[in-house]
2 protein chains.
Amino acid sequence: MEKAKDMLIEAAVNLGESLGLNRAVCQIYALLYLSNAPLSPTEIGKSLEMSKGNVSINLRILEQWNAVRKVWKKGYSRPLYTANEDIEMIIFDKLKTGIEKRLSYVKPIIMQVKNHKDRNLAASNEKFFARLDRIERLIGKIEFFLQNLDTIKAFTK
Amino acid sequence: MEKAKDMLIEAAVNLGESLGLNRAVCQIYALLYLSNAPLSPTEIGKSLEMSKGNVSINLRILEQWNAVRKVWKKGYSRPLYTANEDIEMIIFDKLKTGIEKRLSYVKPIIMQVKNHKDRNLAASNEKFFARLDRIERLIGKIEFFLQNLDTIKAFTK
DNA sequence: TCCCTTGTTTAATATGTTTTAAACTATCTT
DNA sequence: AAGATAGTTTAAAACATATTAAACAAGGGA
């Protein structure tokens, strides 16, 4: 049983790393996701053979992502932690906000370059501006795509 | 003009890093993408103030991704390089094969765990197996999504 | 053929990230 | 209140990756 959990946790790490996540974050989330009851940081650290500092840091990260949440057990003053199960949403939100942030940085730069385009240069740089246009269309597509992902998600349910 | 290129290259680096790409790869691709004519490794290195070793390594990576290609100019024995312009395809293919590879690693592990599920344990681990099912459905969704991305891409054109 | 230029490979350096160990803070138990 | 337990923060270490510098190989022109 524990062996199975370990294998699944390792698989989660493997998947998470392709999204640029670190090992600890994936391990902790997967452990909580597969646990029947909420766990304390100490239990997490013991189970994953990970320093408590590392548990603390990465639990905070997961909380910021809304991937885990505190559970207050009656009589206990310290919270336990449990996984929020809608990992689709978690992954999606993280990707979406990340991409949007990047695009909002790139877009004004392209605008700026296009507006500075002076007539003399333009002739000799036909190709250059054509490629800028192409990039702008791509950005438009990505934005369209993000706006519609919610719909698609619902559709595939 | 060169200033504009530098800004755009920097923006490309910024975008690329959110996909986990290194600086050099993004710079080289963006430079070739925005250049009117194919460039030699030496020219690339000079333009980006980057060692020729680094240019060489990362040009090879870009070639493997089909993101750039060699151009043989008459009379020259060494190739120049130019960007393949369909970066949507490049990004998409890279993401798609990456995700597929990861899923093909994870799927059999889940199968295995589910098949080992023995009756005694099963009762006490209702929740555990329910979550496994949930993950399996998620993987199914992702696969469906990937299979249909081509269609969606065409649709948004 | 010999040198000069160009490109590749490799080992070392530099940079960035993750993890831990240890100091610190807060909470709980007696 | 004192000692023990749990959690956070930080500085250092371990680790991974990217970049360069330098040795090497291949081709081009004298």
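Order of the sequence lines sets the chain letters (A, B, ...), proteins ahead of strands, with each chain counted from 1. The figures that follow rest on heavy atoms only: side chains count, while hydrogens, waters and symmetry mates do not.
The nearest heavy atom of DNA chain C to B:R78 and to A:M50 marks one nucleotide each, and the one closer to the 5' end goes with B:R78. Both A:G75 and A:V25 lie near DNA chain C, and the one whose nearest nucleotide falls closer to the 5' end is A:V25.
Taking 4.0 angstrom as the limit, A:T42 places a side-chain polar atom (N or O) nearer than this to OP1 or OP2 of D:dG7. Distances shown here put a side-chain N or O of B:S77 below 4.0 Å from the OP1 or OP2 atom of D:dG28. Note on A:R60: a side-chain N or O is less than 4.0 Å away from OP1 or OP2 of D:dT8.
Note: CD1 (B:I57) to C1' (D:dT20) measures 9 Å, nearest angstrom. Between B:E17 atom CD and C:dG16 atom C1' the separation is 11 Å, expressed in whole Å. For the pair A:L21 CG and C:dT17 P, the interatomic distance rounds to 14 Å; values are reported in whole Å. Atom-to-atom, CD1 of B:I28 to C1' of D:dT20 comes out at 14 Å; the value is rounded to the nearest Å. Rounded to whole Å, atom P of C:dG7 lies 9 Å from atom CD1 of B:I44. Between B:Y76 atom OH and D:dG28 atom C1' the separation is 13 Å, expressed in whole Å. Distance A:N54 CG to D:dT10 C1': 14 Å, rounded to the nearest Å. At whole-Å resolution of the value, NZ in A:K46 and C1' in D:dA6 are 11 Å apart.
In this structure, A:L132 CG and A:R137 CZ are separated by 11.0 Å, a value rounded to the nearest 0.5 Å. Interatomic distance, B:R102 CZ to B:T97 OG1, rounded to the nearest 0.5 Å: 10.5 Å.
Under the 4.5 Å side-chain heavy-atom criterion for Ile, Leu, Val, Met, Phe, Trp and Tyr, B:Y81 and B:W72 are members of distinct hydrophobic clusters.
As judged by a 4.0 angstrom heavy-atom cut-off over every strand, B:S56 is placed among the base-contacting residues. Using a 4.0 Å heavy-atom criterion, one finds that B:N22 contacts the sugar-phosphate atoms exclusively.
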**side-chain hydrogen bond (donor to acceptor under 3.5 Å, both in side chains) assessment of A:S40 paired with A:E43** = CA-CA 5 Å; A:S40 69; A:E43 288 171 311; 3.2 Å; yes
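B:Y33 carries A:R131 over the face of its six-membered ring, with the cationic atom under 6.0 Å from the centre and within 45° of the normal.
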